[in-house]
Every structure is written in C-alpha cells, then in structure tokens.
Amino acid sequence: TSQPEDLEPATVTVAVAADGSYRWNEEAVDVAALAARLAAAARQQPQPAIHIRADRAVVYEKVAQLLAAAQRAGFAEQDPTRDLDGTDAA
C-alpha cells in the first residue's frame, strides 16, 4: 500500500511597503483584496505559512492591521520577518 506524502504547506509572502500599501506574493492588493485572499488561504488544507515583510519605514499600525486581519481570517500563526538585505520589503 502506498501512503500519501506529507504535503508541505505553501508559503505566502505579504509585504507592507513604506507607504502602507500591501503586496501578496509581489502583487499589489488593496485592503479588501488582502482580506479576501487571507480568508481563502486560511481555508486551504494544509494552511499555507504566511510570511510578513515590512519596510523599515512603515508605521507599525499597518503591520498590526495585517496581523489582525490574518488572525480574523483564521490563521493561528504568522511569521513576521524583517527584510534582511536592507532593501525595501515591497
């Protein structure tokens, strides 16, 4: 008998630019589209990993809003990462 392979969850990167705009895997999205994509992704099995990148100049409120939106959509965990190469995250 063959056993199903363990599926590695997909990874989604959401970036917050210095101006507070959002990008979903490099695609610019508005707040409504971001919420819809988060909700759709949260229903996937296995649930994708959400990696959050924020420009160093962005106000933290925008990052906090993104974290709250991910939690409302049903994500238990997010991975807030910092852009390590010193360039803008978006």
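Just so it is clear, the model here is predicted, and its values are computed rather than measured. One-based numbering along the sequence shown.
Atom CG of residue Leu38 and atom CD of residue Gln71 lie 12.0 Å apart, to the nearest 0.5 angstrom. With rounding to the nearest 0.5 Å, the separation of OG1 in Thr13 from CZ in Arg23 is 12.0 Å.
Closest non-hydrogen pair, Phe75 versus Pro48, comes out as CE2-O, 3.3 Å. When every heavy atom of Tyr22 is checked against every heavy atom of Gln65, the shortest pair comes out as OH-OE1, 3.8 Å. Gln47 and Gly74 get closest at one heavy-atom pair: NE2-O, 3.3 Å. Pairing each heavy atom of Val63 with each of Ala54, the nearest pair is CG2-CB, 3.6 Å.
Residues Leu66 and Leu34 meet the side-chain proximity criterion, which asks for heavy atoms closer than 4.5 Å.
Scored by the side chain to side chain contact (heavy atoms under 4.5 Å, CB included) test, Ala57 finds Ala18, Asp55 as partners (sequence neighbours excluded).
Pairs passing the salt bridge (charged side-chain N to carboxylate O under 4.0 Å, His left out) check and including a residue from residues 29-39, sequence neighbours excluded, read Glu27-Arg37. Pairs passing the salt bridge (charged side-chain N to carboxylate O under 4.0 Å, His left out) check and including a residue from residues 41-50, sequence neighbours excluded, do not occur.
Hydrophobic clustering (side-chain heavy atoms under 4.5 Å, transitive across Ile, Leu, Val, Met, Phe, Trp, Tyr) groups Val31 together with Ile50.
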